[in-house]
Amino acid sequence: MKLKPIFLTVLLLVGLGLHAQPITLDIHKKAQPVEGWGVSLCWWAHMTGSWTDAHIDQLVDWLVSPEGLNYNVFRYNIGGGDDPKNRNCEPHHMGKGKGIRAEMPGFKQYPDDPYDWDADAAQVKILLKIKEKRPDAIFEAFSNSAPWYMTKSGCVAGAADKNADNLKPECYADFARYLVDVCVHFKEAYGVEFYTLEPFNESHSDYWYQNGSQEGCHFDTESQVAVLKEIYPLLKASGLSTVLAASDETSTAHSLQVFAGYDEAFPLIGQWNTHTYSATNQERMLLHDKAIAKGLRLWQSESGSGGKGISGNLKLLQRLFDDMRYLQPTVWCDWQYVEEKGDQWCTVTGNFSSQVFERNKNYYVRQQITRFIKQGYTLLEVAQDQTLAAISPNGKELVVAVLNNEDTPVSYTYALTAKPKRITQYTTTEKENLQPATVKAIGKTLQVSLHPHSVQTFVIQL
């Protein structure tokens, strides 16, 4: 069934708590189901997988526990691996930008080598710890670049010309075999069957270049289709249930451009991935309509944002709200979990060498959504951009999240379709982290008041 968000303007007299009319929360007006919340494993897992077992346990608990972030979707990076002799790029060239953490190992250093399945032991250790602690975890495999010896430049950061493809056409079949072999190995060695395989990452972009700061590979749309044609039969013959996903572009604008050239590839893929580093609500809706029309599952597979303090965290949360309301993916993923600096592009700030780490404000901001809008819940159509609501599978629990990223307080009035039995409120502000409180509704009406730069979640038992 094709679903569209509702567009209504709710008149708010900010700071006074007065409204033209209440915002209706109708549990019968359903949007998309929530398949999960997630994060990519590179590059943080590559760095933290060598930590002590006790530290890894704590880190993963915060990530997957239902009382933590409650994430259940994880994107494993199949590394390409640079030339160990650095014949076509400077040693540690990635350290100039993203840091040494971005130097992902490949499973073959040279084309005639046997596979070295221990090459990526650190990232694999985190993946297996996630699988242990979260048996229902969904794993996607994705690639940023083919191995260096398959590329035109001999460098996994990109081609000499940032607008040019870097994978040699004569190596399309080799790249396809490399990706499928990794997927088969993970099933045989670890019992991990990837839900999806995504061969590209922001490939329509023009910022992958030789000696660059991370693995990346430009692919024209026609080249993407050609690569998918090589992978599809190998994946089908492998016996895996893994399906192909594409195309993981950096923005909804790029995603729409690539989508327009995928006619020959749509029969080969089962899922459309997009990033939303840049997106408009019109583009979100258009991409949603196109993906659903092709029968494709839709994921927001990577996003992140800069900023400062809780206002920056809430800026990204607003993007999450907009993605879920207008793009309507079933999965929404962060880019990074652990960073060494800042509190914007991560939810845990730590030191990879000393193994000192802590949850930052962004963790609690994200937790306001992912802990309470659980896997299997269904989002509701709500006529207000700062509100995200979902209903449980049995219809007995309604979750309402509301954010305010303004410098002044705001108030909302919500009209419910049933009188609540119990309401628990959780609040995160600059000074509070997921602070619980019990509140009462007036009949079928819920009054909400938010401090500047805050987010509240209401768990309502019906």
Side-chain angles (χ1 to χ4, degrees), residues 37-48 59 62-63 68-71 73-75 77 94-102 201-202 205 207 213-214 248 250-252 274-279 300-324 327 331-354 356-371 385-386 388 401-407 427-434 450-457:
W37 310 100
V39 68
S40 296
L41 296 184
C42 75
W43 299 297
W44 66 270
H46 174 52
M47 300 303 294
T48 61
L59 192 65
W62 286 351
L63 179 63
L69 284 177
N70 189 35
Y71 280 11
V73 178
F74 305 95
R75 305 185 67 235
N77 178 215
M94 295 180 191
K96 297 181 298 182
K98 304 299 182 181
I100 301 301
R101 62 187 179 137
N201 176 63
E202 300 181 353
S205 302
Y207 41 69
S213 62
Q214 67 181 86
D248 257 348
T250 189
S251 66
T252 48
T274 188
H275 303 172
T276 55
Y277 289 107
S278 174
Q300 190 295 114
S301 51
E302 183 183 312
S303 206
S305 182
K308 185 178 180 180
I310 191 172
S311 62
N313 303 152
L314 291 172
K315 177 184 175 183
L316 180 56
L317 192 64
Q318 182 66 66
R319 186 188 299 170
L320 183 153
F321 277 31
D322 292 341
D323 287 344
M324 300 308 288
L327 181 65
V331 164
W332 195 94
C333 290
D334 274 308
W335 165 226
Q336 287 291 292
Y337 176 46
V338 186
E339 289 265 13
E340 285 198 305
K341 298 178 181 179
D343 59 356
Q344 301 297 309
W345 288 85
C346 59
T347 48
V348 170
T349 305
N351 184 292
F352 294 133
S353 297
S354 67
V356 174
F357 58 102
E358 64 180 355
R359 291 170 288 192
N360 57 42
K361 182 63 67 175
N362 203 26
Y363 182 96
Y364 300 101
V365 167
R366 190 78 78 261
Q367 197 180 21
Q368 292 271 163
I369 308 304
T370 61
R371 175 174 170 176
D385 279 356
Q386 282 69 53
L388 196 67
V402 192
L403 71 86
N404 174 26
N405 203 19
E406 303 298 329
D407 294 330
T427 302
T428 295
T429 66
E430 189 172 3
K431 297 181 179 180
E432 297 174 303
N433 293 327
L434 215 69
L450 293 96
H451 293 294
H453 306 293
S454 66
V455 54
Q456 292 184 348
T457 302

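One-based numbering along the sequence shown. All heavy atoms count here, side chains included; hydrogens, waters and symmetry mates do not.
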Please lay out, stage by stage, how Y207 and T250 fare under the test side-chain hydrogen bond (donor to acceptor under 3.5 Å, both in side chains). CA-CA 11 Å; Y207 41 69; T250 189; 3.2 Å; yes
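- The closest side-chain heavy-atom distance from R371 to L434 is below 4.5 Å.
- In this structure, S303 OG and D334 CG are separated by 8.0 Å, a value rounded to the nearest 0.5 Å.
- D385 pairs by the salt bridge (Lys or Arg N to Asp or Glu O under 4.0 Å) definition with R325, not counting sequence neighbours.
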Would you please test L314 and I310 for side chain to side chain contact (heavy atoms under 4.5 Å, CB included) and show each step? CA-CA 6 Å; L314 291 172; I310 191 172; 4.1 Å; yes
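- In this structure, CZ on R101 lies 5.5 Å from CD on Q336, to the nearest 0.5 angstrom.
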Evaluate the criterion side-chain hydrogen bond (donor to acceptor under 3.5 Å, both in side chains) for residue pair H275 and D248; output intermediate values, then yes/no. CA-CA 6 Å; H275 303 172; D248 257 348; 3.1 Å; yes
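- The environment of E432 atom CD is dense: over 12 non-hydrogen atoms of other residues, nucleotides or ligands sit within 6.0 angstrom.
- For the atom pair OG1 of T370 and CH2 of W332, the computed distance is 10.0 Å after rounding to the nearest 0.5 Å.
- In this structure, the side chain of Y337 engages the main chain of L59 through a donor-acceptor pair within 3.5 Å.
- The distance from atom CG of N433 to atom CD of Q368, rounded to the nearest 0.5 Å, is 9.0 Å.
- The distance from the CH2 atom of W37 to the CG atom of L69 is 11.5 Å, given to the nearest 0.5 Å.
- Under the 4.5 Å side-chain criterion, counting only non-hydrogen atoms from C-beta, L320 is in contact with R366.
- Within the 4.5 Å cutoff, no side-chain heavy atoms of T48 are placed close to those of F357.
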Would you check, one step at a time, whether the test side chain to side chain contact (heavy atoms under 4.5 Å, CB included) holds for V338 with M47? CA-CA 9 Å; V338 186; M47 300 303 294; over 6 Å; no
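- At a threshold of 4.5 Å between non-hydrogen side-chain atoms, the residues W62 and T347 do not count as touching.
- Contacts of K98 classified as salt bridge (Lys or Arg N to Asp or Glu O under 4.0 Å), with partners at least two apart in sequence or in another chain: none.
- Checked against V455 for a side chain to side chain contact (heavy atoms under 4.5 Å, CB included), the options T429, N404, L403 give a single hit: L403.
- Of the inter-residue distances, the one linking L388 atom CG with T457 atom OG1 reads 9.0 Å to the nearest 0.5 angstrom.
- Judged by distance alone, the side chain of T349 and the main-chain N or O of E358 form no donor-acceptor pair under 3.5 Å.
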Checking side-chain hydrogen bond (donor to acceptor under 3.5 Å, both in side chains) for the pair R319/T276: CA distance, chi angles, key distance, verdict? CA-CA 8 Å; R319 186 188 299 170; T276 55; 4.9 Å; no
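- The minimum heavy-atom distance linking G342 with N360 is given by the pair O-ND2, 4.1 Å.
- A distance-only check finds a donor-acceptor pair linking the side chain of Q344 to the backbone of G309 [under 3.5 Å].
- Residues K315 and G306 come closest through the heavy atom pair CD-O, 4.4 Å.
- Counting heavy atoms from C-beta outward, D407 and H453 have side chains that approach closer than 4.5 Å.
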For E340 and N351, what are the C-alpha separation, side-chain angles and deciding distance, and is it a side chain to side chain contact (heavy atoms under 4.5 Å, CB included)? CA-CA 5 Å; E340 285 198 305; N351 184 292; 3.9 Å; yes
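- Shortest non-hydrogen contact noted between S301 and S40 is O-OG, 4.4 Å.
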Worked check of ring pair (Phe, Tyr, Trp, His ring centres under 6.0 Å) between W43 and F352: CA-CA 11 Å; W43 299 297; F352 294 133; over 10 Å; no
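- With a 4.5 Å cut-off on side-chain heavy atoms, E406 and Q386 do not count as touching.
- In this structure, T428 and K361 have side chains that are in contact, with non-hydrogen atoms separated by less than 4.5 Å.
- Side-chain contact between L316 and V365: absent, with no pair of heavy atoms (C-beta onward) separated by less than 4.5 Å.
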Residue pair Y277, W335: steps toward the side chain to side chain contact (heavy atoms under 4.5 Å, CB included) verdict: CA-CA 10 Å; Y277 289 107; W335 165 226; 3.5 Å; yes
